[in-house]
2 protein chains.
Amino acid sequence: MASIKDVAARAGVSVATVSRVLNSHPSVSPEARARVLAAVDALGYRPNAVARSLRTDQTRTLGLVISDVLNPYFTELARSVEEEARALGYSVIIGNADERPELQDHHVRTLLDRRIDGLLVSPTDGGSPLMLDAARAGTPMVFVDRWIPGVDVPVVRADGRSAIRDLVAHLYGLGHRRLAIIAGPAATTTGSERVEAFRDALREHRLALPEAYIGHGDFQADSGRRSTEAFLALPEPPEVVFAADNLMALGALDAIRAHGLRVPHDIGLAAFDDIPWFVHTDPPITAIAQPTKELGRAAVRALVDRIEGRPPQSVTLPARLVVRSSCGEHAPTRRSNP
Amino acid sequence: MASIKDVAARAGVSVATVSRVLNSHPSVSPEARARVLAAVDALGYRPNAVARSLRTDQTRTLGLVISDVLNPYFTELARSVEEEARALGYSVIIGNADERPELQDHHVRTLLDRRIDGLLVSPTDGGSPLMLDAARAGTPMVFVDRWIPGVDVPVVRADGRSAIRDLVAHLYGLGHRRLAIIAGPAATTTGSERVEAFRDALREHRLALPEAYIGHGDFQADSGRRSTEAFLALPEPPEVVFAADNLMALGALDAIRAHGLRVPHDIGLAAFDDIPWFVHTDPPITAIAQPTKELGRAAVRALVDRIEGRPPQSVTLPARLVVRSSCGEHAPTRRSNP
DNA sequence: CTGAAAGCGCTTACAG
DNA sequence: CTGAAAGCGCTTACAG
């Protein structure tokens, strides 16, 4: 592969001049520029980003560590992150933690070793020493979707509280009283917050959330399946199950179908996170939609602000309820979006 | 951030010795090793991968350029690629082409600039000059899923031909005669091959594939929607629509529902690529499943073979038909997997 | 406007 | 077993 020296030799100038042309530094004569450009072209020269990074101490690369790529919500988030990053002149390297803290640490470590300019994280747990150290050491960092309390890092996320209140009101209006939730891991903010918001909303209707109606999931389909089976085995099973993410909703659906039950006739189902397929499931699933694209964009902007020395800002965007027919027979109250 | 010099100073040895310890070179005295390790620990030193790469001319990184991350098939492929790569000591950087040739080129260029050790590509088109040049220049490269004919690069893919023949036999057995397909872009191998396999299978049953029954899609949901609308507007609409990927099937479902039609009563639907949600759609969708994980693994192995100087091998794995109820009322002939 | 030179953080023959 | 030194491919003050 041709190096800057080859270009310099062919153009009859020094490597300094080649470098200046490549970085569009103003003080280069038109003739020199032309000769360099011609040499670059002839040689098919491409600057070595590794060498440049070593020298400039910046990689123009962002790291994104997400909890689970197979979750459509995170896939969409990742895509929006890459899009915005590209617009701002950055690449992004994605690390998939698969909801496993050790794997999350593996990726954080690899990314740090590669000297990425900044890190976007949706933490799988309460924060490993590695991540806490990185934050303290001043690595530019922003949390997306989930965050770690007590760490001085901007957070970009959606607030599902009011959408969850809308959901509970909707369920109550349909006559349901026994409402269960499949929660995410308590160590994650989205895991605990959604349960709390749900519990608070129930309380407004003077409804309790018994321990048996709380499934302890891990945001993966399998745990949705297991929790739902436990609910169904109860002497008094819930009338509606609210899954705290779309994968656990998938697992719940699997379990319900395995028991020969029908939604919503035998049991209702709602999910946090909306995906295109929810329109076509049997029946269409009532869900809480996050402004995923906007979250990705805002997260990148906050991180790049931090990297480039501007004060970064935390952002909280509202989620919204999308009523479909998975929770009851009534003609659903139509909301903004079908 | 501490550098190798800091470690050397603290341990009272030269940087060469530190480097040897870090790379577990045998000729280091136990005492020196211990002092270095202690210094590394005290300083929280982490080697700079950028510097190492510049020096060794290898990044231990693979590039993966896929056509569309939002497509669950590619998401799963990406995940399996990362998993296998990690097992072999490599990281992977994913570039999402979004089915856009310019974006594909952007990622190939960026990846090449970063001096990745090898490139895994699922080409969006017939091959840009950039990609062709890279292949000719000897960049270790492997095509996954889709490939470019006439380029000397190993290909790892699934052969859907026999599964498509099974599908057509299944449809024929159900009494359907007017079968349509929503194809992918003709410039992609999977785009053209699936149509040809479909046409060949129809011929075995003395059925024709009229031009009007070929939708020209681009593997995205919107094109599935448009093609289906065109089918439905025909004087004699098809009895079954076969979408060449799952996103176009989603679009087809949208269009069918928008017309107030029901699957399979009014029109049948089948898809290439199977996804977990197909079990829960209304009705469950008959699909052709690829051995996605195995494809990802095999592709990484072929690429790493190539990188490490072993002869890489092309691999073709079979896809298989999964019969559900979206094509007809008959009790479906059960196949290996529900 | 231009070039010689230093230096980013590593690795690795080479000499001892 | 160990260290001094060269060098990977760049960028960038510095001097002219």
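Residue numbering restarts at 1 for every chain, and letters A, B, ... go by the order of the sequence lines.
- As rounded to whole Å, 11 Å separates atom P of D/dG9 from atom CE of A/Met1.
- When distances are taken from the side chain of B/Ser29 to each of D/dC1, D/dA6, D/dT12, the shortest belongs to D/dC1.
- In the set C/dT2, D/dT11, C/dA4, the nucleotide with an atom closest to the side chain of A/Ser19 is D/dT11.
- Annotation: of the two residues near DNA chain D, B/Ser14 and B/Ala51, the 5′-most nearest-nucleotide partner is B/Ser14.
- With the nearest nucleotide of DNA chain C identified for both A/Leu54 and A/Ala32, A/Ala32 has the one nearer the 5' end.
- Remark: B/Arg146 engages B/Glu99 in a salt bridge, criterion side-chain N to carboxylate O under 4.0 Å.
- Atom P of nucleotide D/dC10 and atom NE2 of A/His25 are separated by 18 Å, given to the nearest angstrom.
- With C/dT12, C/dC10, D/dC10 as the candidates, the nucleotide lying closest to the side chain of B/Asn48 is C/dC10.
- Between the P atom of D/dC8 and the CZ atom of A/Arg52 lies a distance of 19 Å, rounded to the nearest Å.
- We find that CD of A/Gln58 is positioned 15 Å from P of C/dG9, with the value rounded to whole Å.
- Here B/Glu76 does not pair with B/Lys293 in a salt bridge; the nearest charged N to carboxylate O distance is not below 4.0 Å.
- Across all strands, B/Ser27 comes closer than 4.0 Å to base atoms (heavy-atom distances).
- A gap of 16 Å separates the C1' atoms of D/dG16 and D/dT12, to the nearest Å.
- B/Arg20 contributes a side-chain N or O that forms a donor-acceptor pair with the base of D/dG3 under 3.5 Å.
- Applying the side chain to side chain contact (heavy atoms under 4.5 Å, CB included) test between B/Tyr90 and each of B/Leu303, B/Thr59, B/Asp117 identifies B/Asp117 as the sole match.
- Rounded to a whole Å, the CZ atom of A/Arg33 is 13 Å from the C1' atom of C/dT2.
- Candidate nucleotides D/dC10, C/dC10, C/dG3 were compared by shortest atom distance to the side chain of B/Arg55, and C/dC10 ranks first.
- Atoms CG (A/Asp57) and C1' (D/dT11) sit 12 Å apart, rounded to a whole Å.
- Distance, B/Ile4 CD1 to C/dG7 C1': 16 Å, rounded to whole Å.
- A salt bridge links B/Arg297 with B/Glu294; the closest basic N to acidic carboxylate O contact falls under 4.0 Å.
- Within 4.0 Å (heavy atoms only), B/Asn23 reaches sugar-phosphate atoms of the nucleic acid but no base atom.
- Residues B/Arg46 and A/Arg115 share a closest heavy-atom pair of O-NH2, 3.1 Å.
- Between A/Leu22 atom CG and D/dG9 atom P there is a gap of 15 Å when expressed in whole angstrom units.
- When the side-chain nitrogen and oxygen atoms of A/Thr17 are compared with OP1 and OP2 of C/dT2, none of them lie within a distance under 4.0 Å.
- The shortest heavy-atom contact between A/Leu119 and A/Leu112 is CD2-CD1, 4.4 Å.
- Between A/Lys5 and D/dC10 there is no side-chain N or O to OP1 or OP2 distance below 4.0 Å.
- Of the nucleotides present, D/dG3 is the one that pairs with C/dC14 by Watson-Crick or G-U wobble criteria, both distances under 3.5 Å.
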